[in-house]
Every structure is written in C-alpha cells, then in structure tokens.
Amino acid sequence: MTPLQRYIAEEIAIDHADGLLSRREALRRLGLIGLGVAAASSLLAACSTDSDESPTSAPVTPGGATPPPPGAADAVGTEAVTFPGPDGRVLQGAWADAASPRGTVLVIHENKGLTDHIRSVAGRFAGAGYSALALDLLSEEGGTATFTDQAQATAALATVPPARFVADMKAGIDDLGRRVPDKKMAAVGFCFGGGMVWQLLASGEPRLAAAVPFYGPLPEGADFSGSKAAVLAIYAELDARVNASRDAAAAALAKAGPPHEIVTVPGADHAFFNDTGPRYNATAAAEAYERVLAWFGEYLG
C-alpha cells in the first residue's frame, strides 16, 4: 500500500474498532482500496487491540444540547464553480464570497470528498470575512457527487497519486488569486485534507501566507523549507494514530523556520470539527474555530 492507502485503511479499521462500522462494512471498504480478506482481517484485529488501550473519546456535546456549529450564524451560501486545472482538466469546487474579503482560503475536504459539511465550512469562513474555495479533489473522476456510495469515493481518493492532488490544489490557489486579487491566501484541511495541506506545504508552494492542517497525516520525510506559510497545526488529544507524527511535524516546522504553533485540543478525538460526524465535539470545535480566525487575523489581515 502507498502511505495514503495505508492511512485510509487504518482510518476504516479504527472506525470499526470504535463501533462506527460493522465488521462486514469495514471489510467491504478495505476491499475497495485493495486489501484482501486476510490482510484486512489482520488490520481490523490490530486496530481493535490498539483501541482497547486508548482513552475513550469525550462526549459529542458535553453538558447539554448541541449549539450551532461555530460560525454558522454568519455563514454565507456557496455556489458550484468550475475552473481550469492542470493538463487541460476542469476542476470543480464550491465558492463562498465574502462581502468585503480580508483574505482567501482554500478548503480541503476529508476522505469523503466534497460534502455539504465542507461546503458549510467554506461558507463560515466567508461569513467571517475570508472568501473561500472548497476544492473537489475527485474532479477528474467526475466529482464527488457522481459517487452514490461514499465508500467508493474514499476508495477513488486512495488511488490518486499525491502529485495530482498537489497540482490540483495549486490550481485552486490560482483560482483564488483570480477571484480575489491582491489578498493573502491560506489553506485549511481536515483529516485526509489536513494531510493534503501538509503535502502542499512540502511542495514548496510559496503563495500561502497561512496554513491550518487539522489532524492530518504528515508526509514521510516532510520538508517545509520552500514554504512561507505561518502554520497552525491542530491535533486532538485522543487521536493517537495521527498524533504519532506530531513530533515529526514540530521538528520539520522548526527546521524550516516559519511562524508556527502546534495545538492539541484536550478531550477531543479525530474529526472533532465535523458537526455531521459521530466524533463531533462542539466545545473543541468552537475553540479550534476561534484559534483559526485569530491566526487568519494575524497572517491574512
């Protein structure tokens, strides 16, 4: 398996260990990304053992009813857009236009593709003053909406070379520059998308003023020396798998020398920011959102 396939496979296995997927469904999803029954069963067993040794996640909504997701009250609507991609390809996305933009943000989705949740995140950033483009990294496959089975969308993402994702993200930055000229740009990604933000930084992309990877896997041998972005890396206390690369991320950032901060949110688990998912933690999400806006205020304007 490639590192990306391994990350997605482990995510499926941990979802099973945490009771979010049945064994049958987990085996089906692992099969879609190329694991045979024996290898898939071994992975499920290993991750179940690890899960037994891990702390239990905090409740989704500590202390009462769930408040609206952070930023939802001021969110603006998004519109479906297309724009030029590498090699003559057409890319898809969701665009949210701030009334008086202070900067712009490229939003990178989880391994489910461009969902309504990610569209809403773009709209929330626009409501806070940062025009946002949520990029669909399945554009070449026809777009996320062409997949009626979400597991098939995840499997499709697992087969794409990271170099294509990086090229598509750079095209997204091109589009941000066309739509809102002369404003500083940032990239934000979640889970798989957090890993993509790390990949973008490691590519030496010089145009980003800020970057916020949420609980994203670090590329092997990551070198951020070509990037100028101020990095706010957000981790979750209970996310042992992704946290295993946190020290390496800190070392790579320290070596490269950009402004950076690494935040581990207490009591939160992987994907805590996704208000449509089972690990959503409203308190943690609100705290992280305020940190992101403060970071943007300092490094975008």
Side-chain angles (χ1 to χ4, degrees), residues 4 76-110 113-114 118-119 121-126 128-145 157 160-190 192-214 216 219 222-232 256 258 292 295-296 299-301:
L4 177 58
V76 303
T78 63
E79 61 173 315
V81 295
T82 58
F83 53 95
D87 305 319
R89 294 186 289 112
V90 176
L91 299 181
Q92 303 177 30
W95 171 247
D97 196 8
S100 300
R102 302 165 58 187
T104 62
V105 184
L106 183 69
V107 182
I108 310 299
H109 54 69
E110 300 168 325
L114 181 54
I118 294 298
R119 292 185 184 90
V121 171
R124 290 185 240 167
F125 284 136
Y130 301 97
S131 292
L133 174 66
L135 171 63
D136 192 340
L137 288 173
L138 287 168
S139 294
E140 185 168 331
E141 288 70 30
T144 300
L157 286 167
V160 178
R164 193 193 94 185
F165 289 142
V166 170
D168 287 359
M169 289 186 287
K170 288 177 178 287
I173 293 171
D174 291 341
D175 195 59
L176 284 175
R178 285 190 294 266
R179 292 178 182 275
V180 186
D182 303 321
K183 293 293 183 181
K184 293 181 179 179
M185 295 183 279
V188 176
F190 303 88
F192 161 87
M196 290 298 104
V197 171
W198 286 127
Q199 292 273 2
L200 186 58
L201 292 171
S203 76
E205 170 55 58
R207 293 172 291 176
L208 293 177
V212 185
F214 272 75
D223 179 356
F224 304 129
S225 59
S227 172
K228 301 175 182 177
V231 179
L232 173 65
V292 173
W295 199 257
F296 286 174
Y299 293 103
L300 296 188

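One-based numbering along the sequence shown.
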*List the steps and the verdict of side chain to side chain contact (heavy atoms under 4.5 Å, CB included) for Val160 and Glu141.*
CA-CA 10 Å; Val160 178; Glu141 288 70 30; 4.1 Å; yes
Distance-only, no hydrogens or angles: does the [X] side chain make a donor-acceptor pair with backbone N or O of [Y] under 3.5 Å?
X	Y	answer
Ser131	Ala98	yes
Asp136	Gly143	no
Tyr130	Arg124	no
Trp295	Val212	no

Taking every non-hydrogen atom, the tightest pair across [X] and [Y]:
X	Y	result
Gly93	Phe83	N-CE2, 4.4 Å
Leu91	Pro84	CD1-O, 4.4 Å
Ser227	Ala229	OG-N, 3.1 Å
Gly113	Thr144	CA-OG1, 3.5 Å

Are the side chains of [X] and [Y] in touch, meaning some heavy atoms are under 4.5 Å apart?
X	Y	answer
Leu135	Phe165	no
Ile173	Leu208	yes
Lys170	Leu200	yes
Val231	Phe224	no
Val81	Arg179	yes
Leu114	Gln92	no

*Nearest 0.5 Å, what's the CD1-CE distance between Ile108 and Met196?*
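CE of Met196 is found 9.0 Å from CD1 of Ile108.
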_Measuring from atom NZ of Lys184 to atom OG1 of Thr104, what distance do you get when rounded to the nearest 0.5 angstrom?_
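Between Lys184 NZ and Thr104 OG1, I get 12.0 Å after rounding to 0.5 Å.
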_side chain to side chain contact (heavy atoms under 4.5 Å, CB included) partner of Met169, chosen from Leu106, Val197, Asp174_ =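 One option only clears the test, and that one is Leu106.
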*Take Val292 and Leu232 through the test side chain to side chain contact (heavy atoms under 4.5 Å, CB included) and record every step on the way to the result.*
CA-CA 8 Å; Val292 173; Leu232 173 65; 4.3 Å; yes
*Can a salt bridge be assigned to the pair Asp168 and Arg89 using a cut-off of 4.0 Å between side-chain N and carboxylate O?*
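Answer for the salt bridge query: yes.
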*Return the set of residues passing side-chain contact (heavy atoms from CB on, under 4.5 Å) with Ala167 (not counting sequence neighbours), or none when no residue passes.*
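Testing Ala167 for side-chain contact (heavy atoms from CB on, under 4.5 Å), a comparison that skips the adjacent residues, returns Pro86.
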*Please, which pairs that meet ring-ring contact (aromatic ring centres under 6.0 Å, His included) have at least one residue in residues 86-105, sequence neighbours excluded?*
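Qualifying pairs: none.
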*What about Phe190 and Phe214, are their ring centers closer than 6.0 Å?*
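Between Phe190 and Phe214, the centre distance is under 6.0 Å.
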_What verdict does the side chain to side chain contact (heavy atoms under 4.5 Å, CB included) test give for His109 and Leu157, after you've listed the backbone C-alpha separation in whole Å, the side-chain angles of each residue and the deciding distance to 0.1 Å?_
CA-CA 11 Å; His109 54 69; Leu157 286 167; 4.1 Å; yes
